[in-house]
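To start, the structure itself, in structure tokens.
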Amino acid sequence: MEQDSLHQMLLRYNRVFKDIDQVYHQMARICGLPDCAFWILYLLRESEVKYTQSGVSENLSLSRQTVNSALKKLQQEGYIAMAPGESNRKNKPLRLTHRGEELCRNTVDLVLQAEINTLARFTPEERESFLSLQEQYAQALRQEGNRLLLPCSGEEEQG
């Protein structure tokens, strides 16, 4: 019986997760950006970290090919630049250009503010609980995923 209840909760969680994903997809479209380009700009805008192409790929859990294509387009449109003087193109830190900063002010910054406004609807205790539970879920899921993958990784090493 509990297994059925847990399965129903998982279905509910997946619906919420997909709904949130759809909201972000719509916001990217409203901003006139493909999803990958939106998330790259979002990442560059909200973080103090100097990201490289491979860092963006890792952080966003997107293939290097997908990120490379989006970065090329953003670069061609004058929104981002790679730091000069680096020999390996994939290891060059990315930065927003003046034009990219302007684009972010009119797009990504509005989304970031919408997220802040959304969190402000909750009490401090609810926010802390929400984030704490999300972190616990992510950690437990990572552990379960690693446990699930152990037999697979063992086969690859032997085969």
Side-chain angles (χ1 to χ4, degrees), residues 6-7 9-83 86 88-97 100-101 103-119 122 127-157 159:
L6 291 173
H7 185 258
M9 291 190 87
L10 177 62
L11 293 175
R12 182 177 167 198
Y13 175 79
N14 286 336
R15 279 191 300 273
V16 170
F17 183 83
K18 289 173 184 154
D19 185 41
I20 291 169
D21 191 49
Q22 186 61 30
V23 170
Y24 280 107
H25 173 73
Q26 292 294 335
M27 287 193 286
R29 291 291 171 248
I30 289 167
C31 292
L33 295 165
D35 288 1
C36 186
F38 170 80
W39 285 114
I40 290 170
L41 292 171
Y42 183 102
L43 183 65
L44 295 176
R45 189 62 165 182
E46 61 97 29
S47 177
E48 297 293 320
V49 174
K50 299 286 185 202
Y51 283 99
T52 61
Q53 178 177 330
S54 57
V56 169
S57 179
E58 280 179 38
N59 189 281
L60 297 178
S61 299
L62 295 169
S63 75
R64 288 177 188 230
Q65 183 178 6
T66 300
V67 169
N68 184 48
S69 296
L71 286 174
K72 274 185 184 176
K73 184 134 174 81
L74 288 168
Q75 199 171 15
Q76 288 169 351
E77 294 172 351
Y79 296 126
I80 63 163
M82 293 185 185
E86 299 286 333
N88 184 344
R89 192 180 148 140
K90 291 182 181 167
N91 290 328
K92 289 183 181 180
L94 303 168
R95 66 172 179 79
L96 293 168
T97 63
E101 295 275 348
L103 174 65
C104 285
R105 275 192 295 278
N106 296 315
T107 58
V108 173
D109 289 1
L110 301 177
V111 173
L112 287 164
Q113 189 58 54
E115 292 171 319
I116 289 168
N117 295 346
T118 299
L119 286 172
F122 299 92
R127 289 191 294 260
E128 184 55 43
S129 178
F130 171 74
L131 291 174
S132 178
L133 290 170
Q134 287 285 314
E135 289 166 347
Q136 286 178 35
Y137 183 83
Q139 181 180 8
L141 185 59
R142 188 175 301 107
Q143 289 170 348
E144 288 296 320
N146 288 339
R147 212 180 69 181
L148 193 76
L149 295 174
L150 281 176
C152 296
S153 63
E155 289 176 13
E156 287 176 7
E157 290 173 7

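Heavy atoms only: backbone and side chains are in, while hydrogens, waters and symmetry mates are out.
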- Message: Once side-chain hydrogen bond (donor to acceptor under 3.5 Å, both in side chains) is applied, do any residues pair with Gln134, and if so which ones, sequence neighbours excluded?
- Response: none
- Message: Going by the rule side-chain contact (heavy atoms from CB on, under 4.5 Å), which residues pair with Ser63 if we only count those two or more places apart in sequence or in a different chain?
- Response: Gln65, Thr66
- Item | Distance in Å, Ser54 OG paired with Asn59 CG, rounded so as to fall on 0.5 Å steps | 11.0 Å
- Query: Looking at CG of Leu10 and CZ of Arg15, how far apart are the two atoms once the value is rounded to the nearest 0.5 Å?
  - Reply: 10.0 Å
- Only counting residues at least two apart or in another chain, list the ones meeting salt bridge (Lys or Arg N to Asp or Glu O under 4.0 Å) with Glu58. none
- Mind checking side-chain contact (heavy atoms from CB on, under 4.5 Å) for Ser47 and listing every partner two or more places apart, or none if nothing turns up? Val49, Tyr51
- Please name all residues satisfying side-chain contact (heavy atoms from CB on, under 4.5 Å) with Ser61, sequence neighbours left out, ordered by chain then number. none
- Could you tell me whether the side chain of Arg127 and the main chain of Phe122 form a donor-acceptor pair under 3.5 Å? yes
- Taking atom CG of Leu96 and atom CD of Glu101, what is their separation to the nearest 0.5 Å? 5.0 Å
- Side chains of Leu94 and Thr52: closer than 4.5 Å at any heavy-atom pair? no
- Task: Output all residues satisfying salt bridge (Lys or Arg N to Asp or Glu O under 4.0 Å) with Asp109, sequence neighbours left out; order by chain, then residue number.
- Result: Arg45
- Mind checking the OH-CG spacing from Tyr42 to Leu112? Nearest 0.5 Å is all I need. 4.5 Å
- Query: Atom CE of Met9 and atom CG of Asn14: how far apart are they, to the nearest 0.5 Å?
  - Reply: 12.0 Å
- Sorted by chain and residue number, the side-chain hydrogen bond (donor to acceptor under 3.5 Å, both in side chains) partners of Lys73 (sequence neighbours excluded) come out as Glu77
- Item | Approximate separation, where rounding is to 0.5 Å, of Gln53 CD and Ile80 CD1 | 9.0 Å
- Task: Using modelled atom types only, decide if a donor and an acceptor are shared between the side chain of Thr97 and the backbone of Tyr79 within a distance under 3.5 Å.
- Result: yes
- Message: Could you work out, with side-chain contact (heavy atoms from CB on, under 4.5 Å) as the rule, every residue matching Gln113, not counting sequence neighbours?
- Response: Ile116, Asn117
- Item | Partners meeting side-chain hydrogen bond (donor to acceptor under 3.5 Å, both in side chains) with Arg147 (sequence neighbours left out) | Glu144
- Query: Taking all atoms of both residues into account, what is the closest heavy-atom pair of Leu62 and Val67, and its distance?
  - Reply: CB-CG2, 3.8 Å
Pairs of donor and acceptor atoms involving the side chains of residues 24-38, under 3.5 Å and at least two apart or interchain, shall be tabulated with distances.
residue	atom	partner	partner atom	Å
Tyr24	OH	Glu115	OE2	2.3
His25	ND1	Asp35	OD1	3.0
His25	ND1	Asp35	OD2	2.9
Arg29	NH1	Leu33	O	2.9

- Counterpart residues, ring-ring contact (aromatic ring centres under 6.0 Å, His included), relative to Tyr13 (two or more places apart): Tyr137
- Message: If the condition is side-chain hydrogen bond (donor to acceptor under 3.5 Å, both in side chains), which residues does Asp19 pass it with, not counting sequence neighbours?
- Response: none
